[in-house]
Protein chains: 2
Amino acid sequence: MSSLAEVARVAGVSVSTASRVLAGSSHPISAKTRAKVMAVADELGYSPSALARALVSRSSRLLGVLVSDIVNPYFSVIARGVDDVASRAGYVTMLCNVDRRTTTEITRLRTMRDYRAAGVIFAGSGYVDDPREPDLAEAVGEARAQGIHAVSLAARGIGCPVIAADAQAAAYEITDYLVSLGHRRIAFIEGPEGMVATRQRRDGFLACMRDAGLAESAHCRPGGFDYEAGHAATLRLIARPPLPDAVIAANDEAAVGALNALRQARIDVPGEVSVAGIDDLRVARFVGLTTVSLPLYEMGAMAARHIIDTPPETAAAVPAETTTLSHRLIPRETTARRPG
Amino acid sequence: MSSLAEVARVAGVSVSTASRVLAGSSHPISAKTRAKVMAVADELGYSPSALARALVSRSSRLLGVLVSDIVNPYFSVIARGVDDVASRAGYVTMLCNVDRRTTTEITRLRTMRDYRAAGVIFAGSGYVDDPREPDLAEAVGEARAQGIHAVSLAARGIGCPVIAADAQAAAYEITDYLVSLGHRRIAFIEGPEGMVATRQRRDGFLACMRDAGLAESAHCRPGGFDYEAGHAATLRLIARPPLPDAVIAANDEAAVGALNALRQARIDVPGEVSVAGIDDLRVARFVGLTTVSLPLYEMGAMAARHIIDTPPETAAAVPAETTTLSHRLIPRETTARRPG
DNA sequence: TTGTATGCGTTATCAA
DNA sequence: TTGATAACGCATACAA
C-alpha cells in the first residue's frame, strides 16, 4: 500500500535515499538516515513493488516451468527441484500445465514473456515429427533474443540448451541388467504413442536386446505412462501365453500397473516374471520396484540455477548444447536371477 | 523488446490509440487504425508488458498457491485445480513449497504481496496451537487490506475465507461405512503429529466409534501421511495380535502402505482385514482402495475462481466464512462385509 | 475517433 | 552523503 515516496516523505528524505537504503544499495548512506528510513518503512509496512522493480530493471525474478501435468509425479519432482533453487535465490516459480500440447506451450511461453520472466523451463518431451515444433522453436528464439532464458529438460529441437538424462541409455541399462540376470524373453511396455520419450526408451530397450543377440525375443507392446496402461498391457500379455521372463515398462507407474496385474493373476514376481521400470519415483521405492533412477529433481534444480546464474543479456548467446546428467540402476525386489 | 511507444510510432498513431486497440479497450477506434496498429504490432513482435500493466492497474493477474510439497499428490491435485481456472482466465499461478513451515508461509506471502498478486491460496492445514499462526494471520490481514485476496483450503484461523471439505465428517463417514459392514475392532492410523488435519480426521473416527458404541474397540496409532508411515504402523499392528477387523488410515497413501504391509504378511484383504483411506487420490483408484473422495481439485478451482471473480477493492471486506464442499464415500475392493 | 498529459513505484544518472 | 529528475511501459482522464 505504502510506496517508496510515502516512506521517503514520512522519513523526511528523498525517494532516492529511501530507495538506496531499502533496496540495499552499496551507495554510502549515513547510519542515522538509514536507521530512520528503515524504521519508517517498517512502521508503514512498506512492501517494495517487485513489479516496478522488474519494470525498471527490465527483467523479473520470475521463473516459468512448463509441465505436462503437475499431478504426474515425474513433473512434480521436477517442479520441486526448480522451486527449491528458485525460492532460495529470491525467485518465484510460475507453474503452467500444458497437457502435452505444443500450441499451449507456445501460448504459455508468450505469457511468460509478457511477465519478462528470467527464464522458462520446458519439462515435457514433445512429439516425434511434431508439426508445431518449428513454431515453438521460433517463439523460443524470440524470447531468447529478448533476454529470456530457455531450457529444455528433454531432447527437443527448439533451439535452447538441454539438461536431461539419457533416457535411451537408461532403458538400455535396465534391459542389460535383466539380461545379465538371465532373462531372455522380455516384453517392453511402451509409453504413449508418438512421444519422443516413448521412442527413446523403446530404442534403448531394442538396442540392448539386439546387442545381446536377443532381438528375436524382444517384444514391444503399446502402453502408456500410467498405472492403468501398464495394467492393461500386462493383462493382454497374460492372455497370450507364453509369459515373458520379464516385463519392462517405459516408466515406473506403468511398471507398478504391470506388477499388480501379474500378482492379481497369481503370477509370482519375481519368481516367475521379473518387472522393472524407469524413473525411480517414490512409488517405485515403496513397492520395491527395480528401476533406473533419473535425476529429475536435479534436472529442474540445475535448469533453474542456470537461468538464475546467467545474465539475461547473454540469453541468446547460450549455446543450445546438451548437458547429460547421469542415471543409476536401482536393483530392488521385483527382479531375480533366472537359473542358466 | 518492442514497446507500445514503438508500435505507435511505426503505426503513426499516439500511444493511447495503440494502447486502446492492443489492450482491447472498449473505446471506439476506427477500423482502419485498428488494423494498422494490429499489423504493426504483429510485425514488430510486440509483447505487452504484463509488469507495466500490473503496475498501472495496481493489481496483477498473478495467483499464488502455497502448498506443503508439490510432490505430494494431495497438493498437486489442488494446484492443478488452481492452475486450470487461472490459466483459462489469463492468470498465471505462482507456486510455493512451504514444507509445512508457518514462517515460510509468511515469507512467501510477503513475496506474493511484492508482486501484487491478485490473491494467494493456502493449501496446507497448519498445526494445532501453532505459535506463529497469529503472525500469519496478521500478514494475511495486511495483504487483504492491500487488496490481495486470501483463501485457505483448510480450517485455519488466519482471518480469511475457507473453502474446504469437512475432513472430520469424511473420517466419520468412512468409519461409519466400515461399522455398517460389521467391523468392530478398528485401528486408525493417524497423520503426522500436531497437524490440524491429523486431529480432524482422528476426531471424526473417534466420534463415529463412540456413536456406534464402539469406543472400546477404537484404536488410534501414530502414523503419517505417506506410504512408509502406513506400512510401518501396520507392521506394528501385526506384531501385536489380535488383528483388528479393519484399518483406516488418515489418508490414501498411508492406507496403501497398510494394504501392502498386510498382504506381504499374507493377511487377506479384505478377507481378514478391511482397509480404507481418505482423499481418493489416483493411487486409491488404482489399487481399488475404499476411501472418501475429497474435492481437492474443486477446492483449488473454486478458490481461484473466487479470487478472479472478486474485485481487489473488496478483498478486505470478504467475510472469513467457511464454504464446505461435499465429500463422497467410494466403496471399492479393500473392504468387505463381516458376517454378523 | 484521436491525442495529450499524468501517474503507477522503482532504479539510475547526474548534480549538489 | 543527499536530492532532483529521467526513464521503464502502460492505462486513462481529459481535451480536441
Side-chain angles (χ1 to χ4, degrees), chain A residues 1-38 40-41 44-62 90 113-117 146-148 312-313, chain B residues 1-38 40-41 44-62 90 113-117 146-148 312-313:
Chain A
M1 199 57 191
S2 64
S3 66
L4 201 54
E6 198 172 336
V7 173
R9 191 173 51 70
V10 175
V13 300
S14 70
V15 252
S16 350
T17 303
S19 168
R20 289 196 263 255
V21 1
L22 262 14
S25 150
S26 61
H27 200 96
I29 295 279
S30 81
K32 203 169 61 180
T33 43
R34 153 163 289 127
K36 177 68 178 166
V37 171
M38 305 246 291
V40 172
L44 260 48
Y46 168 69
S47 113
S49 168
L51 260 22
R53 275 191 178 161
L55 184 60
V56 57
S57 66
R58 299 148 106 50
S59 135
S60 69
R61 293 187 159 231
L62 257 18
R113 205 162 73 113
D114 294 347
Y115 278 97
R116 305 298 184 259
Q146 188 181 330
I148 296 178
E313 312 84 71
Chain B
M1 200 59 192
S2 65
S3 66
L4 199 55
E6 197 172 335
V7 173
R9 193 174 49 71
V10 176
V13 300
S14 70
V15 255
S16 23
T17 303
S19 167
R20 291 196 261 254
V21 1
L22 263 13
S25 152
S26 60
H27 201 96
I29 295 280
S30 81
K32 202 167 66 178
T33 43
R34 154 163 286 127
K36 177 67 179 169
V37 171
M38 305 247 292
V40 172
L44 260 45
Y46 168 70
S47 113
S49 167
L51 260 21
R53 276 190 178 165
L55 184 59
V56 59
S57 65
R58 297 149 110 52
S59 134
S60 70
R61 295 187 156 229
L62 256 18
R113 206 161 76 111
D114 294 347
Y115 279 97
R116 304 300 183 256
Q146 187 181 333
I148 297 178
E313 311 85 69

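In what follows, every chain begins at residue 1, and chains take the letters A, B, ... in the order their sequences are listed. If you're wondering where the values come from, they're calculated on a predicted model, not measured in any experiment. Values below: every heavy atom of this structure, side chains too, minus hydrogens, waters and symmetry copies.
Side-chain contact between A:Leu62 and B:Tyr115 is present, with at least one heavy-atom pair separated by less than 4.5 Å. Side-chain atoms of A:Val21 and A:Met38, non-hydrogen and from C-beta on, do get closer than 4.5 Å to each other. In this structure, A:Lys36 and A:Val13 have side chains that are not in contact, with every pair of non-hydrogen atoms separated by 4.5 Å or more. In this structure, B:Gln146 and A:Ser47 have side chains that are in contact, with non-hydrogen atoms separated by less than 4.5 Å. When side chains are defined from C-beta on, A:Arg58 does not count as touching A:Pro312, because their heavy atoms never get closer than 4.5 Å.
The heavy-atom pair separating B:Ser60 from A:Leu51 by the smallest distance is CB-CD2, 4.5 Å.
Summarising the geometry, the separation between OH on B:Tyr115 and C1' on C:dG9 is reported as 14 Å, rounded to the nearest angstrom. Atom P of nucleotide C:dT10 and atom CD of A:Glu6 are separated by 10 Å, given to the nearest angstrom. One atom, CZ of B:Arg34, and another, C1' of C:dG3, lie 17 Å apart when rounded to the nearest Å. Between the CZ atom of A:Arg9 and the P atom of C:dT10 there is a distance of 14 Å, given to the nearest Å. In this structure, B:Lys36 places its NZ atom 18 Å from C1' of C:dT1, rounding to the nearest Å.
Distances were taken from every side-chain heavy atom of A:Pro28 (C-beta onward) to each of C:dG3, D:dT1, D:dG3; the shortest belongs to D:dT1.
Not a single donor-acceptor contact under 3.5 angstrom links the side-chain atoms of B:His27 to the base of C:dT1.
The OG1 atom of B:Thr17 lies 8.0 Å from the NE2 atom of B:His27; values are rounded to the nearest 0.5 Å.
One axis for each end of the helix from C:dT1-D:dA16 to C:dA16-D:dT1, each built from five base pairs, and the angle between them comes to 40° at 10° resolution.
Looking at A:Ser19, A:Ser16, A:Ser49 one by one, the single match for side chain to side chain contact (heavy atoms under 4.5 Å, CB included) with A:Leu4 turns out to be A:Ser19.
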For nucleotides 9-13 of chain D, which of its nitrogen or oxygen atoms have a protein nitrogen or oxygen under 3.5 Å away, and what is each distance?
{"residue": "D:dG9", "atom": "OP1", "partner": "A:Arg58", "partner atom": "NH1", "Å": "3.2"}
{"residue": "D:dC10", "atom": "OP1", "partner": "B:Tyr46", "partner atom": "OH", "Å": "2.6"}
{"residue": "D:dC10", "atom": "OP1", "partner": "B:Ser49", "partner atom": "N", "Å": "3.0"}
{"residue": "D:dC10", "atom": "OP2", "partner": "B:Leu4", "partner atom": "N", "Å": "2.3"}
{"residue": "D:dA11", "atom": "OP1", "partner": "B:Arg53", "partner atom": "NE", "Å": "2.5"}
{"residue": "D:dA11", "atom": "OP2", "partner": "B:Ser19", "partner atom": "OG", "Å": "2.8"}

